[in-house]
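Structure first, commentary second.
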Amino acid sequence: MSRYEPGQIEAKWQEAWDKAGVFTATRDAARPKYYVLEMFPYPSGRIHMGHVRNYTMGDVVARYKSSCGFSVLHPMGWDAFGMPAENAAMERGGHPKDWTYGNIADMRGQMKPLGLSIDWSREFATCDPEYYGQQQAMFLDMMDKGLIYRKAAVVNWDPVDMTVLANEQVENGRGWRSGALVERRELTQWFFKISDYAEDLLEALDGLKDWPEKVRLMQANWIGKSRGLQFAFETIGAPDGFEKLECYTTRPDTLMGAAFAGISPDHPIAKALESDPKVAAFLAQCRLGGTTAEALETAEKIGFDTGIRVKHPLNPDWELPVWIANFILMDYGTGAIFGCPAHDQRDFEFATKYGLPINPVFVAEGAAEAPLTEAFIPMKSERVQYVRALDGNRVMTGDEGVAQAIALAEARGFGQGVTKFRLRDWGISRQRYWGCPIPVVHCATCGVVPEKKENLPVELPYDVSFDKPGNPLDRHPTWRDVACPKCGAAAKRETDTMDTFVDSSWYYARFTAPRATTPTVAEDAAYWMNVDQYIGGIEHAILHLLYSRFFARAMNETGHLPEKAREPFNALFTQGMVTHEIYLTRDANGRAVYHLPEDIIRSEAGATLKDGTVVEVIPSAKMSKSKKNVVDPMNIIADFGADTARWFVMSDSPPERDVEWTSSGAEATAKHLGRVWRLADEISRDTTAPTDEDQALARAAARAIVDVTYGIENFAFNKSVAALYGFTNTLAKAKAGAEARKSAMRIMAQLMSPMVPHLAEEVWAMLGGEGLVARAPWPKADPALLVEDSVTLPIQINGKRRAEISVPKDMPASEVEKIALANEDVIKFLAGQPVKKFIVVPGRIINVVV
RNA sequence: GCGGGUGUGGUGGAAUGGUAGACGCGACAGACUCAAACUCUGUUUCCGAAAGGAGUGUCGGUUCGAGUCCGACCACCCGCACCA
């Protein structure tokens with residue numbers, strides 16, 4: 001008897017697939033196409049269980065669709081630009097390029113043994129000049145279309161290292177290397193005009209029927225369409241040129257509850273007042289801390305009374321003080337608000353702190369006006385009693401109050417109803433080396449000049465060093481100093497590079513023609529687009545997906561994608577994350593140093609490093625490179641084979657849910673696959689004559705086909721796996737004849753093939769299956785075998801299950817009722833009480849109400 | 001702080017508003033074995049000897065019937081625009 005030896009069979013079948021070119025994607029007009037894509041990985045150097053889970057899901061879909069007759073495109077590439085490469089260069093020396101390509105080679109070497117059905121001939125990395133050169137070409141096309149501009153924007157500034165920090169590099173308001181308090185500082189930066197598409201991006205969400213509802217909701221909230229009033233306060237005592245203060249509010253119905261006017265620390269008026277040392281000191285205080293929304297909104301609310309007054313638009317005798325407040329964002333609305341403490345929690349806290357009046361505009365319907373202990377903020381759809389309405393107090397909803405206020409403001413001419421979006425333009429400038437260079441030149445006479453297309457790619461210079469803080473491109477004279485493409489005079493290249501989100505916003509399109517000398521090729525894009533099934537982490541629900549949707553529109557308008565690809569992803573599946581505990585120690589400055597799970601020794605007492613140092617254990621979180629809480633799947637592959645790793649990540653947890661990695665279970669999976677192997681081996685040598693159980697086995701196989709197919713179609717791979725466990729148990733126990741068992745085993749091989757393709761090929765071959773199972777058409781269940789003649793109906797009495805009866809499938813309800821009421825247990829539980837109601841749900845349940 | 005999600009046995013989880021706990025892990029018992037491993041068979045939500053009762057984070061509601069729908073709360077997770 002032979003043994004299941006994954007190490008041998010996996011290599012053998014991978015070679016067989018390669019030789020037969022099973023996974024090479026080809027345009028085939030005769031067949032429908034199917035494009036399945038998993039979010040491509042960052043080449044950290046090691047694959048982890050999250051990758052295995054993500055790519056196995058895509059592989060199951062790709063292999064299944066291929067069996068169903070589709071021409072499948074299933075590519076793989078590398079999201080290869082980004083900070084970790086520069087961090088590695090700073091920490092360990094070496095070059096980001098060498099580090100990145102080395103990591104790619106390592107990761108490819110780890111992924112290949114998984115036996116994924118990937119067309120590797122299409123592989124590319126975003127740091128290939130052939131890729132980012134095409135990105136630069138599109139940047140120039142988008143510039144032509146007016147989709148790109150420059151403006152000042154705020155960055156995290158480390159005053160000690162004299163460098164810009166990413167949000168990730170800010171820890172508790174301090175720079176991660178220097179430990180210095182981070183400041184907010186303005187730089188001139190490049191922006192994509194994504195806000196032009198706000199309405200389109202919002203409305204088109206309705207058409208994304210095969211996207212998770214929660215992702216569409218998150219995107220809609222992110223885009224944040226609001227209807228409100230824009231109006232101007234007349235100012236008293238403001239600097240010249242600021243006779244008006246423009247405000248935007250979504251609650252103009254609360255205008256009579258105004259207690260103050262507030263402006264952002266970045267507002268032009270605040271800047272105009274900065275010559276006053278007190279104002280300057282206050283603004284400096286506001287600029288401490290990071291740039292994230294979270295940092296801004298959780299910071300303690302502080303304010304500064306400017307002494308400026310504004311006239312209330314409805315009563316010129318009513319004057320309000322103008323405060324600078326740190327919780328007002330310059331990016332949203334006009335950067336100025338009126339504060340209504342009674343109906344906004346932030347304003348309430350602010351007013352309480354600085355002793356400003358708190359006057360309610362409305363109270364709960366039927367309630368009396370009373371002092372508030374917190375802001376009263378009912379849903380806008382809720383009816384409330386107005387007590388300080390703009391125009392006549394009455395009971396109405398907030399929405400009605402807002403509409404009335406806008407109408408009144410427009411009639412009196414002090415404001416207009418306007419629609420605004422929360423979505424800001426996409427800032428893409430990064431003051432870093434390892435990214436796609438922005439292909440423009442700054443000339444003293446011509447200004448900002450696009451690089452000529454024939455000079456693309458603007459390639460990153462290799463001879464750079466990371467021994468000083470800041471961007472090495474800034475101090476690389478032979479790269480930076482160039483002739484102006486327009487006038488030929490001495491000029492300087494733009495040294496900012498692009499956000500890596502740009503790289504990942506069009507890679508799906510590039511896979512359709514990865515070697516082309518243009519960004520895309522019309523025929524290839526027309527055939528392969530759109531992505532039929534996109535699979536990736538929920539953490540990308542907003543930014544990556546929104547940017548990609550924007551980019552697809554921009555590519556359509558610049559002629560790089562067809563109209564149908566403006567929404568590039570037909571269906572989206574967001575897998576849950578693989579989580580793991582985090583282990584950390586503290587360095588001399590008290591900052592966190594993270595450790596890999598494989599370096600940790602866990603005992604009952606706690607966790608330590610190998611040298612005995614005690615480590616802090618933080619509860620499970622997303623596996624991430626920076627936190628080092630990653631698990632290495634290579635050990636499982638080495639010990640048990642790729643099929644075990646694949647089966648393991650597909651079983652148990654529903655794909656959309658997070659899964660906590662535990663090492664137990666891999667052995668059990670290997671056991672099961674060994675059992676399938678032995679069963680196949682035994683059946684292949686069976687010579688039993690047909691028996692009367694043959695039909696029952698055929699029925700079980702038909703049931704398995706339906707259940708496994710349902711699981712794959714609905715992204716419930718765990719249910720497909722469960723159905724296969726059940727089918728294995730049934731087949732192992734079946735006393736059927738050899739032919740029936742062989743037939744069932746071949747169906748098993750086919751049904752298992754998307755999850756455990758190597759074992760499936762081996763079983764298929766053992767049982768005389770024709771050719772490769774990877775090329776065999778997906779089995780179909782004979783409907784006749786699925787029909788059940790009788791059903792078991794549970795009987796509930798007052799909603800509690802008390803008995804069950806077995807009746808023919810099509811028995812009419814009146815007959816069922818007679819049989820149910822004659823049932824011994826039913827009679828016992830009814831105890832002679834009269835039946836009030838008798839409910840029969842055909843084929844499901846009976847409920848007797850007494 | 002704002003937005004989104006999750007919560008079911010010892011454990012991962014299953015359940016178109018219709019028998020809660022499928023399937024797997026673990027545990028326990030048995031068979032095989034000189035013995036062990038492997039393998040095979042069975043038991044396994046809790047309380048109870050049983051009859052029966054309780055039970056899907058907490059509290060309330062809708063319904064003949066709620067894990068599922070609605071409301072409030074608690075806990076945990078994700079995102080918040082320079083991590084990818």
Side-chain angles (χ1 to χ4, degrees), chain A residues 39-42 44 79 81-84 87 153 155-156 164-170 189 194 212-215 217-218 220-222 224 290-299 301 327 331 345-346 422-432 499-501 503-504 537-544 546-547 576-577 579 619-622 624-627 651-654 656-660 662 664-665 667-669 671-672 674-675 678 716 718-719 721-726 729 732 792-796 798-804 836-839 841 843-849:
Chain A
M39 290 180 186
F40 66 166
Y42 179 80
S44 59
D79 191 10
F81 274 135
M83 293 203 310
N87 293 337
V155 294
N156 296 306
V164 176
L165 297 178
N167 286 335
E168 189 192 50
Q169 298 171 318
V170 179
Q189 311 211 53
I194 191 173
E213 184 58 41
K214 63 177 171 183
V215 174
L217 185 59
M218 279 193 256
N221 287 336
W222 187 259
T291 60
T292 65
E294 187 192 1
L296 295 175
E297 286 177 38
T298 53
K301 289 168 189 58
F327 62 89
D331 290 314
Q345 191 57 33
R346 290 166 306 182
R422 204 183 72 103
L423 180 66
R424 310 203 297 255
D425 278 333
W426 175 12
I428 61 151
S429 289
R430 299 291 181 271
Q431 296 70 39
R432 292 175 215 296
D499 179 7
T500 57
F501 271 123
D503 311 335
S504 56
I538 184 67
E539 67 272 26
H540 294 294
I542 299 176
L543 293 181
H544 162 63
L546 194 64
Y547 292 153
M577 286 172 287
T579 61
S620 272
K622 172 176 79 164
S624 83
K625 311 164 268 304
S626 59
K627 300 279 196 293
S651 55
D652 289 351
S653 270
E656 68 277 11
R657 192 140 1 140
D658 288 355
V659 56
E660 163 77 7
T662 60
S664 69
E667 265 182 59
T669 298
K671 263 188 215 175
H672 175 73
R675 185 171 175 229
R678 282 192 306 278
N718 54 323
K719 291 181 211 167
V721 168
L724 284 164
Y725 270 113
N729 288 338
T792 301
L793 289 181
I795 301 173
Q796 294 184 334
N798 285 343
K800 282 196 186 301
R801 181 178 170 279
R802 296 299 186 184
E804 64 179 36
K836 280 195 201 141
K837 205 165 175 183
F838 194 91
I839 295 154
V841 183
R844 279 305 205 176
I845 202 164
I846 297 163
N847 194 8
V848 186
V849 185

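Chain identifiers are assigned alphabetically (A, B, ...) following the order of the sequence lines, protein sequences preceding nucleic acid strands; residue numbering begins at 1 within each chain. Since we're looking at a predicted model, the values are computed, not measured. Note: hydrogens, waters and symmetry copies are ignored here, and every other heavy atom, side chains too, is used.
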- Message: In whole Å, I'd like the distance from the CD1 atom of A:I542 to the C1' atom of B:G5.
- Response: 12 Å
Anything under 3.5 Å between a protein N or O and an N or O of nucleotides 2-4 of chain B, put it in a table, one pair a line.
| residue | atom | partner | partner atom | Å |
| --- | --- | --- | --- | --- |
| B:G3 | O3' | A:N221 | ND2 | 2.9 |
| B:G3 | O2' | A:N221 | ND2 | 3.0 |

- Message: Counting only heavy atoms from other residues, nucleotides and ligands, does the tally under 6.0 Å from CZ of A:R802 exceed 12?
- Response: yes
- Got a minute to check which stems RNA chain B is part of, using Watson-Crick or G-U wobble pairs under 3.5 Å, three or more consecutive? B:1-7 with B:74-80, B:10-12 with B:23-25, B:26-31 with B:39-44, B:45-47 with B:52-54, B:57-61 with B:69-73
- Task: For B:G9, decide between syn and anti, treating a glycosidic angle within 90° of 0 as syn.
- Result: syn
- Would A:Q189 and A:Q431 count as having a side-chain donor-acceptor pair, cut-off 3.5 Å? yes
- Message: Let's test your reading of the model: under 3.5 Å, does the base of B:C82 pair with the side chain of A:Q431 as donor and acceptor?
- Response: yes
- Item | Side-chain donor-acceptor pair present, A:R675, A:N729, cut-off under 3.5 Å | yes
- Task: Return no unless some side-chain N or O of A:R802 is found under 4.0 Å from OP1 or OP2 of B:G53.
- Result: yes
- Message: Under the rule for ring-ring contact (aromatic ring centres under 6.0 Å, His included), what residues qualify as partners of A:W426, not counting sequence neighbours?
- Response: A:F192, A:Y547
- How long is the line joining CD of A:E213 and P of B:U6, in whole Å? 12 Å
- Item | B:G13 versus B:G26 - spacing of their C1' atoms, nearest Å | 14 Å
- Message: Tell me the interatomic distance from A:E667, atom CD, to B:U11, atom P, rounded to whole angstroms.
- Response: 21 Å
- Under 4.0 Å: is that the gap between some side-chain N or O of A:R430 and OP1 or OP2 of B:C82? yes
- Under the ring-ring contact (aromatic ring centres under 6.0 Å, His included) test, which residues partner A:H672, sequence neighbours left out? A:W647, A:Y725
N/O-N/O pairs, protein side and nucleotides 17-24 of chain B side, under 3.5 Å:
| residue | atom | partner | partner atom | Å |
| --- | --- | --- | --- | --- |
| B:G18 | N2 | A:N847 | ND2 | 3.4 |
| B:U19 | O2 | A:R801 | NE | 2.9 |
| B:U19 | O2 | A:R801 | NH2 | 3.4 |
| B:G24 | OP1 | A:N729 | ND2 | 3.1 |

- Query: Which pair of heavy atoms, one from A:D503 and one from A:D79, lies closest together, and at what distance?
  - Reply: CB-OD1, 4.2 Å
- Item | A:S653 side-chain proximity, nearest of B:U6, B:G12, B:G1 | B:G12
- Item | Counterpart residues, side chain to side chain donor-acceptor pair (under 3.5 Å), relative to A:K301 (two or more places apart) | A:E349
